[in-house]
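What follows is a set of notes on a single structure, which appears directly below.
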Number of protein chains: 2
Amino acid sequence: MNRPALEAAPAAGGRTGTVSLRTLSEHLGLSMASISRVLNGSPAAQAIPKATQTRILEAAREFNYRPNQLARSLRSGQSTSVGVLIPEISEGYSAAVLAGIEETLSSAGYAIMMITHHHRAEVLERSERQFAERAVDAVIAVDTALPLFGPIPTVTVSCPDPHPYVTNIVLDNARAAQMALEHLHGLGHRRIAVIKGQSFSSETEVRWRAIEASAASVGLRFLPERVAQMEEDLPTSEPGYRATGRLLHQGGDFSAIVAFNDMSAIGAIHALLDAGRSVPEDVSVVGFDDIALASIHRPTLTTVRQPLHHMGVLAAQAVLETLNAPPESRASARQIMVAPELVVRSSTGRWTGAESESV
Amino acid sequence: MNRPALEAAPAAGGRTGTVSLRTLSEHLGLSMASISRVLNGSPAAQAIPKATQTRILEAAREFNYRPNQLARSLRSGQSTSVGVLIPEISEGYSAAVLAGIEETLSSAGYAIMMITHHHRAEVLERSERQFAERAVDAVIAVDTALPLFGPIPTVTVSCPDPHPYVTNIVLDNARAAQMALEHLHGLGHRRIAVIKGQSFSSETEVRWRAIEASAASVGLRFLPERVAQMEEDLPTSEPGYRATGRLLHQGGDFSAIVAFNDMSAIGAIHALLDAGRSVPEDVSVVGFDDIALASIHRPTLTTVRQPLHHMGVLAAQAVLETLNAPPESRASARQIMVAPELVVRSSTGRWTGAESESV
DNA sequence: TTGAAAGCGATACCAG
DNA sequence: CTGGTATCGCTTTCAA
């Protein structure tokens, strides 16, 4: 059995079946080689007369010829596809980065092979295999402690522990933490609590150390009872809600919370409200990321913005750059830092002018 | 030049370079044909002695052999990949459906080729071409008025105007609308306003007609000034906010709003609050979808739940079924309806027991 | 029970 | 300027 996976739609003239280079070759009385050269605008095609080129291009259009990428890739060793590894396709974080990646790669003609791993080790290992079998040209891993991928170009987003030969797009966590801490310190807060990320999240430790350092720089130190770590692996606000519950049980003596991200900040707000504290009057909450929810939610959320979409674009661009460079110059790993931005929100004024104020 | 796209990671023994069937063949002194048969568990392999089979499997593992899917697809005419066409990767709707699709197809060994079109016609046309060139085995289109895709199996999600030979996963809009209307009617509302979806959204008209019909069945008819259509192409709550603004300017005489979806419902709530009306005391708002935001947002949102994730799973399963069926039995288009569910929420009680009540 | 060989469709050398 | 031809890695008859 050997039916083609995809037949070309019937073209003008009612022809049918797959149109291949051979079809055009027979129709035009030219060799497949010449046709291929013209269609790809290869340098060798410059030697072919304009008239012939035109004939070829017109025939291709008339027959609705579509080059078979499978065959092309097999021969050329380039699949023009990129593997994307991502924890899940949830609200906010992943989705925003993914959107940036997709837009950039798609418009450069690359296909995306996406795998969501849900933090499961077995899927991570399987993914390495799948990427290899599909011969992706490069891999982008988002928020993932990635296993060593063979010698193909790899770019990570928010993976703080880069292997050599891996380009890494990261938020400048030091500045981000400083913004959060200075903001709260400037509002007069001295008793500040922290919600740490889950242990599986690749940014948890970096951000926590940055927050500690920033606190120290304004003369503060975190008491153990003012620190709680999220545990549940849910892309909702529940882990933050629970962690805040623990903070309250551990004494609850704080006037502000620095949450790991916006989702947990919202969980924190709900927990505080449910516990009878008002936000932001009794307790101020600061998040990270600035997901769409941050501006929609009431009370609105002050947060340290991470340019997520842009980080996706940067990752994709890094991949494209590497792939377009000659192999020998692909050596060094780079670290690309993106700048955070403090977004201070108040609950009033919506699409009526200045909804938020950036500092 | 002919460097392979992807070199296998050095296997045990420090061998290097791509491991192909040829490599194994030379190592084992067996033909590539036999090895292929065993590795694929093809029926013809039953005639091969157990001992030989074991040798082959062990060698494959030892060499870390990964079959080249490109070559396999080229030869077999099956790419084991599916094209997914989706408006965007935003909060809620698309992301949830996409997640269901991805999980199902990935664990069946299929690769996903995802394209987001942002409702742009040029991208839609380009996508047809790209899917053809990559020889995807099938296409899933989500919330998209899809151009005619060649003769390959196609499944749509929430596309109300199905071509023949296209399987369509849709919400039972009639029941969904009825739930919304009966809920509001049951609460005593008689002056009800409606926010219609944008003209480009594939479900706008179906849902609107369903809402009209349900209203009629409880003896209500919508006055023109109680209807507003969203216009902006934004995956945020802003279009709903604006539409509600228009409703208020058009008279504002209503005690309830049926919004096109949750995002617009939240926009409506904010617009009402900004206009000095309280929710739900002055005006009740009902949404559709039950995106994650619906339960996180305060005031919480009563909504008609669409099993989005499940719809993605169903779409993927429909594709797999079709692909596993013999070509001649692939004939008829099916319409798969999924049941909505009314989710009534009150603002209290969070993760402390019954957060929501399903009817 | 196994192997040889013919492709799948495109690209890239080497001739002429 | 253009064409033949080997090849990418795999599957699948057809022979032995």
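All figures in this text were calculated on a predicted structure; none of them were measured in a lab. Below, chain A is the first sequence line, B the second, and so on; all start at residue 1.
Within 6.0 Å of NE2 on A:His309 lie more than 12 heavy atoms contributed by other residues, nucleotides or ligands. Remark: A:His119 NE2 is packed, more than 12 non-hydrogen atoms of other residues, nucleotides or ligands lying under 6.0 Å away.
A salt bridge is defined here as a Lys NZ or Arg NE, NH1 or NH2 lying under 4.0 Å from an Asp or Glu carboxylate O, and A:Arg55 with A:Glu62 fails to meet this definition.
Across the protein-nucleic acid pair, B:Lys50 atom NZ and C:dT2 atom P stand 12 Å apart, rounded to whole Å. Here the C1' atom of nucleotide C:dT11 and the CD atom of A:Gln78 are 12 Å apart, to the nearest Å. Distance CZ (B:Arg134) to P (C:dG9): 17 Å, rounded to an integer number of Å. Following rounding to the nearest Å, B:Gln69 (CD) and D:dT11 (C1') show an atom-to-atom distance of 13 Å. Here D:dC1 presents its P atom at 11 Å from CD of A:Gln53, a figure rounded to the nearest Å.
Not one side-chain nitrogen or oxygen of A:Ser76 sits closer than 4.0 Å to the OP1 or OP2 atom of C:dT11. Look at A:Asn40 and you'll find a side-chain N or O under 4.0 angstrom from OP1 or OP2 of C:dT11.
End-to-end axis angle of the helix from C:dT1-D:dA16 to C:dG16-D:dC1, from C1' rotation axes over five pairs per end: 50° (rounded to 10 degrees).
Applying the side-chain hydrogen bond (donor to acceptor under 3.5 Å, both in side chains) test to B:Arg126 and every residue at least two apart in sequence or in another chain returns nothing. Judged as a side-chain hydrogen bond (donor to acceptor under 3.5 Å, both in side chains), and not counting sequence neighbours, the contacts of B:Ser106 are B:Glu102. Residues passing the ring-ring contact (aromatic ring centres under 6.0 Å, His included) test with A:His27 are A:Phe63, sequence neighbours excluded.
Nearest nucleotide to the side chain of A:Asn68, out of C:dA10, D:dC10, C:dT11: C:dA10. Side-chain proximity of B:Arg72 to D:dC10, C:dG9, D:dC8: nearest is D:dC10.
The side-chain contact (heavy atoms from CB on, under 4.5 Å) test with B:Arg66 is passed by exactly one of A:Glu128, A:Gln130, A:Arg134: A:Glu128.
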Anything under 3.5 Å between a protein N or O and an N or O of nucleotides 2-6 of chain D, put it in a table, one pair a line.
residue, atom, partner, partner atom, Å
D:dG3, OP2, A:Ser31, N, 3.1
D:dG3, OP2, A:Ser31, OG, 3.3
D:dG3, OP2, A:Ser34, OG, 3.0
D:dG3, N7, A:Arg37, NH2, 3.0
D:dG3, O6, A:Arg37, NH1, 3.3

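Applying the side-chain hydrogen bond (donor to acceptor under 3.5 Å, both in side chains) test to pairs two or more places apart or on separate chains, none has a residue in residues 43-54 of chain A.
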